[in-house]
Number of protein chains: 2
Amino acid sequence: MPAEARPYHHGNLRAALLDAAERSVEKSGTEQLSLRELARVVGVSHAAPRAHFTDRQALLDALAERGFGRLGAQLKVARDGAGPGFGERLRAVIAGFIAFANSRPVLLDLMFSAKSYGDKAQLPAAAETLAVVYDLIGDGVAEGALAPGDPERYGLLLYSWAQGLASLIASGGLQPEVADSLVSDAVSTFIRGNAAG
Amino acid sequence: MPAEARPYHHGNLRAALLDAAERSVEKSGTEQLSLRELARVVGVSHAAPRAHFTDRQALLDALAERGFGRLGAQLKVARDGAGPGFGERLRAVIAGFIAFANSRPVLLDLMFSAKSYGDKAQLPAAAETLAVVYDLIGDGVAEGALAPGDPERYGLLLYSWAQGLASLIASGGLQPEVADSLVSDAVSTFIRGNAAG
DNA sequence: CCCTGATCTTGCCATTGCCAAGTTTCTTGT
DNA sequence: ACAAGAAACTTGGCAATGGCAAGATCAGGG
C-alpha cells in the first residue's frame, strides 16, 4: 500500500488536523483558520474533519486542551529542573510559562480566551496546569517565604500577572532581554510584596 | 423629509456602525461580528460600510481606538476624583481600569489583542491611556512611596498585572467582591513589593 | 449651473461552515 | 469465516459572509 496513493482512511486524521491547525493558527491567527483549508493541507475532503470535530469551535477547543497538556508538562519540567528553594522554583516555573507564551503566543491566547470556556471538558487539563502553581505556592507558605494565606488567592494573583506578562510579551514590541528582566522583577515584587513577617 | 423615509445619505453612518458594532461584539463576541448584519441593523445596504471602513479589520481597529479614548478619559476621572496620596490614586485608577474591564470585557480584549497592533494609527490613543498610569508612577516615586526606578518599567509591571486581572475577571467565574479584593491585594502587593527603603 | 467627490445602492463572485446522503473500510459478534 | 453494524471519509448542496465593481444620489464649491 504505497503512501502516495492515499488510502480511503487517513488513519490519523484527528492528530494531523490538530497539527495543521496549530501551524495555521500560529502563522495567520485564529480568525483565519479555515476547516476547508486544513482539509486541503492534510489531503482529505472538505467534510472529513466533521467526523472528528463537530464544529469549528470544537477544533479550537481541542487545540486549547492539547495546549494545556503541553503547558502543564513543561511547567513540571521547569519546576523539577530548578533548585530546591521556593524562589528558584517559582522563577523557573514562571520563566517556563513565559517561554511557552513566546513560542506559541496564539495558542496561549486561545487557551485563555473566554471563548474556550464554553467547553467544560478541557477544565481538567487546565486545572492540572494550575495545580503545578498551586502546589508551589503551598510550598512557599510552608517554607515561610510567603505570609500565611489562601493558596488559591496567591495563585490567582500570580496567575493573573503571568498571563498579563505573557500577553504583553506576545503582543511583541519588547526586546527579549527586557522581557526576561521584566518577568524577573515581577517575581521579585510578588515575593517581596507577600513576604512573611 | 420624514425621518422614517430614510434618506439616501445616512448622515452619521460611521458612528452608527461603531455603536452597533460595539453592541454586537459585546453581546456575541468579536468573531460573530458581521458587516452585513451591522448594515441591516443600521438600515443601509450591505456595501455601505465600505465607504467608511475598507475592511472588517479596519472597523475593529476603529472600535479599539474609540475604546482607548474612553478608557483614558475614565482613568483620568478616577484619578482626579481620588484623594491626594499616591496609594489612593493608584487604587482608584486600577479600580477604574477593572470597572472598564467589567463593563466592556470584549472591547478591552479587542483593544489589547495582538491583532489590533496591525494598525499603527491607534498607538497614540493607547499611549495617552498609558500616560495616565506613567504620570501616576512618577508621582509615586517623587512621593517616596516607590523605590527610585524607571517609570516605564514600573508602568509595564503594573499594566501587565492590570491586564491579567482584567482578563481573569472578564473571563467570568469570579464573584465581584472576590474580584475587588483580589485587585486590592494586587495593588498592595505591588506597592509593598516596590516600597522605598 | 455644473461638476467633482463623497456617500450609498445593486449585483456579483469566491470562500466558508455546516448539513445530508452515499461509499468505503474497520470491527465486532457469532 | 462472515455478516452486520459502526466509523471514517466523499460528493453535493445551501445560506451567509467579505470584498469588489459599476452605477445612482447627493452636497458643496467653482
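Throughout, protein chains are lettered first and strands after them, A, B, ... in sequence-line order, and every chain is numbered starting at 1.
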Chemist: State whether B:S45 places a side-chain N or O below 4.0 Å from either non-bridging phosphate oxygen (OP1 or OP2) of C:dC8.
Modeler: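 It does not, given that no N or O in the side chain of B:S45 lies less than 4.0 Å from OP1 or OP2 of C:dC8.
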Chemist: Report the C-alpha separation of A:R79 and A:E88 in whole Å, then their side-chain angles, then the decisive distance to 0.1 Å, and conclude whether the salt bridge (Lys or Arg N to Asp or Glu O under 4.0 Å) test is met.
Modeler: CA-CA 9 Å; A:R79 178 199 56 191; A:E88 292 170 291; over 6 Å; no
Chemist: Base, sugar-phosphate alone, or nothing: which one does B:R56 contact when heavy atoms must sit under 4.0 Å apart?
Modeler: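 Sugar-phosphate contact only - B:R56 comes under 4.0 Å of backbone atoms but never of a base.
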Chemist: Closest to the B:A48 side chain: C:dC8, D:dT11, C:dG17?
Modeler: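 The closest nucleotide is C:dC8.
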Chemist: Expressed in angstrom and rounded to an integer, what is the separation of B:R50 atom CZ from D:dC20 atom C1'?
Modeler: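 In whole Å, D:dC20 C1' lies 6 Å from B:R50 CZ.
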Chemist: Closer than 4.0 Å, any side-chain N/O of A:H52 to the OP1 or OP2 of D:dC9?
Modeler: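 Indeed, a polar side-chain atom of A:H52 lies that close.
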Chemist: Could you check how far CZ of A:F53 sits from P of D:dC9, rounded to whole Å?
Modeler: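 Rounding to the nearest Å, CZ of A:F53 and P of D:dC9 are 11 Å apart.
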Chemist: Separation of A:R36 atom CZ from D:dA16 atom C1', in whole Å?
Modeler: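 Going from A:R36 (CZ) to D:dA16 (C1'), I get 13 Å.
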Chemist: For B:L59, which contact category applies under a 4.0 Å heavy-atom criterion: base, sugar-phosphate, or nothing?
Modeler: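 It contacts nothing in the nucleic acid.
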Chemist: Does the pair B:R192/B:D185 count as a salt bridge with the N-to-O cut at 4.0 Å?
Modeler: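 Judged by the 4.0 Å cut-off on N to carboxylate O distance, B:R192 and B:D185 do not form a salt bridge.
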Chemist: Which residue lies toward the 5' end of DNA chain D, B:S34 or A:G11, if each is placed at its nearest nucleotide?
Modeler: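 Mapping each residue to its closest nucleotide by heavy atoms, the 5'-most match is A:G11.
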Chemist: Which whole-number value in Å describes the distance from B:Q57 CD to D:dT17 C1'?
Modeler: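 Roughly 16 Å, once rounded to whole Å.
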Chemist: Taking the basic N atoms (NZ, or NE/NH1/NH2) and the acidic carboxylate oxygens, is any pair closer than 4.0 Å for A:E22 and A:R70?
Modeler: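 Yes, this pair counts.
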Chemist: Indicate whether the side chain of A:S34 and that of A:R40 have a donor and an acceptor atom separated by less than 3.5 Å.
Modeler: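 Checked: A:S34/A:R40 side chains show no N/O donor-acceptor pair below 3.5 Å.
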Chemist: In whole angstrom, what separates B:E31's CD from D:dT17's P?
Modeler: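 Whole-Å distance recorded here is 15 Å.
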Chemist: Less than 4.0 Å between a side-chain N and a carboxylate O, is that true for B:D135 and B:R89?
Modeler: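 Looking at B:D135 together with B:R89, the answer is no, because their closest N to O distance does not fall below 4.0 Å.
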Chemist: Would you mind reading off the distance between B:N12 atom CG and D:dA27 atom P, rounded to a whole angstrom?
Modeler: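 So the two atoms are 15 Å apart, to the nearest Å.
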Chemist: May I have the distance from A:Q32 (atom CD) to C:dG17 (atom P), rounded to whole angstrom?
Modeler: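 Going from A:Q32 (CD) to C:dG17 (P), I get 11 Å.
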Chemist: What is the distance, rounded to the nearest whole Å, between atom CG of B:L35 and atom P of D:dG19?
Modeler: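 Between P of D:dG19 and CG of B:L35: 6 Å.
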Chemist: Counting side-chain heavy atoms from CB outward, which of D:dG13, C:dT10, D:dT10 is closest to A:A47?
Modeler: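 Nearest nucleotide to the side chain: D:dT10.
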Chemist: Answer yes or no: does a side-chain N or O of A:T54 lie under 4.0 Å from OP1 or OP2 of C:dC18?
Modeler: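 Answer no for this pair, as no side-chain N or O of A:T54 is under 4.0 Å from OP1 or OP2.
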Chemist: Which is true for A:R40 with a 4.0 Å heavy-atom rule: it touches a base, it touches only sugar-phosphate, or it touches nothing?
Modeler: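 Sugar-phosphate, no base atom in range.
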